[in-house]
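Notes follow once the structure below has been shown.
Values reported hereafter were calculated over all heavy atoms of this structure, with side chains retained and with hydrogens, waters and symmetry mates removed.
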There are 2 protein chains.
Amino acid sequence: MDDAPLPPGQGGPARRPTVGSLARRAGVAASTVSRALRGDPRISAEVRARIAALAAETGYTPNALARTLVSGRSGLIGLVLGPMENPVYAEMMQEAVTQAAARGSRLLLLHAGHGPIEDATAEALTQYRVDGCLITSAELSSRAAAICAANGVPVVMVNRVPRQFESAVACDNHAAGEALAGLLAAAGHRRLAVVTGNADTSTSTRRAEGFARGIAAAGLAAPACFNGGASHAAGYAAGQAIAALPAPQRPDAVFGVSDVLAMGVMDALREAGLSVPGDISVVGADGIALAAGPPYRLTTVAQPLQAMIGRGLDLLMARIGGAALPQEVVLLRGTLIRRHSARLPA
Amino acid sequence: MDDAPLPPGQGGPARRPTVGSLARRAGVAASTVSRALRGDPRISAEVRARIAALAAETGYTPNALARTLVSGRSGLIGLVLGPMENPVYAEMMQEAVTQAAARGSRLLLLHAGHGPIEDATAEALTQYRVDGCLITSAELSSRAAAICAANGVPVVMVNRVPRQFESAVACDNHAAGEALAGLLAAAGHRRLAVVTGNADTSTSTRRAEGFARGIAAAGLAAPACFNGGASHAAGYAAGQAIAALPAPQRPDAVFGVSDVLAMGVMDALREAGLSVPGDISVVGADGIALAAGPPYRLTTVAQPLQAMIGRGLDLLMARIGGAALPQEVVLLRGTLIRRHSARLPA
DNA sequence: GAACACTGTGCTATCGATTGCGCAGAAAAT
DNA sequence: ATTTTCTGCGCAATCGATAGCACAGTGTTC
């Protein structure tokens, strides 16, 4: 363990070139190298070309961390994800990586899963000086948000609208629920039910509210409400409860507030010998890939994931810019996707 | 835009405390603050307590980026994920976040999805001076690995064993395939088939090879091979092809080399009116949550995800430590989970 | 009572990149 | 021919944290 220090550039992991080392080799000052690489017009074309060549030759890449120190911007965006039981978070993550990269930012993965953020993770948020934080979790993540606020780090929630204070981008969940209710009613369904998600999530509650509103508007009785959760298993349990009901009381249409939930419901119903959509229509919301194909072919309201992440990053970047913008909530309309899990009017 | 500089601590986003500002307030030198907070025994208990109190009061957190500059370690681990069509990557990611945090590292999300890494992303790898890189992708990610190697950044592959050079942790996929074949053969299946994944992935090929080996060992004819892919849709297509076969030629057991694939196969078979496991047994490998419950109840070999990520981080950390360890490949045994998608011997 | 060993801190350089300021030398103007 | 104006680049400070070395002040020892 007490190896003699290796001669530079030999043996050990090749020491990475720095502005300093480039400067020495080019016979100029470090500041000149820095300016040349950043395209400062004050540096002559000749010198700039020489340094650029040297940089390419040595494979120089600037140390983003060192730059952060002086610029105050890390180029890092903290990402908080919900539980992976719901595939929608994975899809969001993939979208976020791509789009963040396209904008020159990197994602620092702070959390993925249930529950609040651990202390150590919360510290990372400040220790790594993230420029902003993207919280794509339907669950309460007030902890992360509070820490961001306390440190002047902009936050944008995606897929969750907080009661106050933070900026957010979400699908117009209320409208989605309402639209589905309207369609189901128009198709002649009379006993509607909703399987809710986590009660803490605005996504779930707004969808359920919208659904109830749509049902009321159609002059039907309020929907039966079944407590679901975040997973397929939760939906399955709710579906079993529904299937166990005596036929006259059994709903003829069920809205699972998220696609995984609806998938679980369908599976339970079918396993109980009921036909979907023959006996019961099932609809969901989210638009995840797995629900699109067989055996589900789930009729759903798809969230415009790409646009949601895009607008989320827009909001974040604008606030990172330092502008003292007011908090902003953006609601994007989902799009109804008619598939075959529900009887709907033509 | 030409605001007069705000008085410190007022108006603008509260300037974060630094060792310097703490030092001024405590009437000591910055180095003393640093040492006190790091628990250096040379600092008197009294001073240490005073500084600790001050740090707590002001909410001081060290700037990890600045520390990186001098320590040479960023505490960042690059993470490369496969396509989210396969839920196993999401599960791995969640596991990786948790375990990395527990070890005091953070994950820098470099890539998620298909295909090779874009240039910009590859640069991030060196710009942010990641200490190491965890590549949990069955697909070729040679690009990232090459860049890491060129920069002396340790790499560990999880869920993929490269042909050479890198360290890796994987499930013993060959053994998994072999075991499944043996069980299916023992249960009396005679015409076995395999639905393969992406041909570039060691995970897929090893499982298929193991399966073929197991079949040969049982004295049966080589399995029919159907080209699958990474998604449920690919499995579904393969399942349709299988279902379309005339009954005498149709396999009586199918191995989908990953669970999503097997799920797709099952869905297609059932949609074609075949019973699983009545007419055809279907087995998978991975052990994802979605395949566990209804309607799949997939018999599978579950990967020890937690252990895989754990060992992966072990290998990585050891190499980050600077020790010139040889490349290492760790194979972890999966565990057979008997559910109801296949007829198996008791 | 003086030389000694300690102990607790401060000073300063360092990591890599950036930036304000200043200073050469060349070109232009008078 | 001399002053003025640029153009092109170097110097040095800075960001925040850390570490080597030096140096006071106290306690110990002969």
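Listed nucleotides dT9(C), dA17(D), dT18(C) differ in distance to V70(A); the shortest reach to its side chain belongs to dT18(C). Distance from the side chain of N63(A) is smallest to dG16(C) among dT9(C), dG16(C), dA17(D).
Of all the heavy atoms in T61(A) and Q127(B), the pair that sits closest is CB-CG, 4.2 Å. The minimum heavy-atom distance between L305(B) and E95(B), with the atom names listed, is O-CG, 4.2 Å. Between Y89(B) and L81(B), the shortest heavy-atom contact is O-CD2, 4.0 Å. The nearest pair of heavy atoms linking T68(B) to R73(B) is OG1-O, 3.4 Å.
Considering only side-chain N and O atoms, S31(B) lies nowhere under 4.0 angstrom from the phosphate OP1 or OP2 of dA19(D). The shortest distance between the side-chain N/O atoms of Y60(A) and the OP1/OP2 oxygens of dA17(C) is below 4.0 Å.
Between D40(B) atom CG and dT9(C) atom P there is a gap of 10 Å when expressed in whole angstrom units. Rounded to whole Å, atom P of dA17(D) lies 9 Å from atom CG of L69(A). As a whole-Å value, the separation of R73(B) CZ from dT18(D) P is 14 Å. Atom CZ of R129(A) and atom P of dA17(C) are 20 Å apart (whole Å). One can place CZ of R16(A) at 12 Å from C1' of dG16(C), the figure rounded to the nearest angstrom. Atom CG of L65(B) and atom P of dT18(D) are 13 Å apart (whole Å). If you take CZ of R24(A) and P of dG16(C), they are 10 Å apart, rounded to a whole angstrom. The distance between atom CD1 of I43(A) and atom C1' of dT19(C), rounded to the nearest whole Å, is 12 Å.
Checking E328(B) against S167(B) by side-chain atom types alone, no donor-acceptor pair falls below 3.5 Å.
At the heavy-atom level, S44(B) lies under 4.0 Å from the strands shown only through sugar-phosphate atoms. Across all strands shown, V33(B) has no heavy atoms under 4.0 Å from either base or sugar-phosphate atoms. At the heavy-atom level, R67(A) lies under 4.0 Å from the strands shown only through sugar-phosphate atoms.
Residue-to-nucleotide proximity on DNA chain C shows that, of S34(A) and T32(B), the 5′-proximal contact is made by T32(B). Each of V19(A) and R42(A) was assigned the nucleotide of DNA chain C with the nearest heavy atom; the assignment lying further toward the 5' end belongs to V19(A).
Interface remark: the R35(A) side chain does not form any donor-acceptor pair with the dG8(D) base, using a distance-only criterion of under 3.5 Å.
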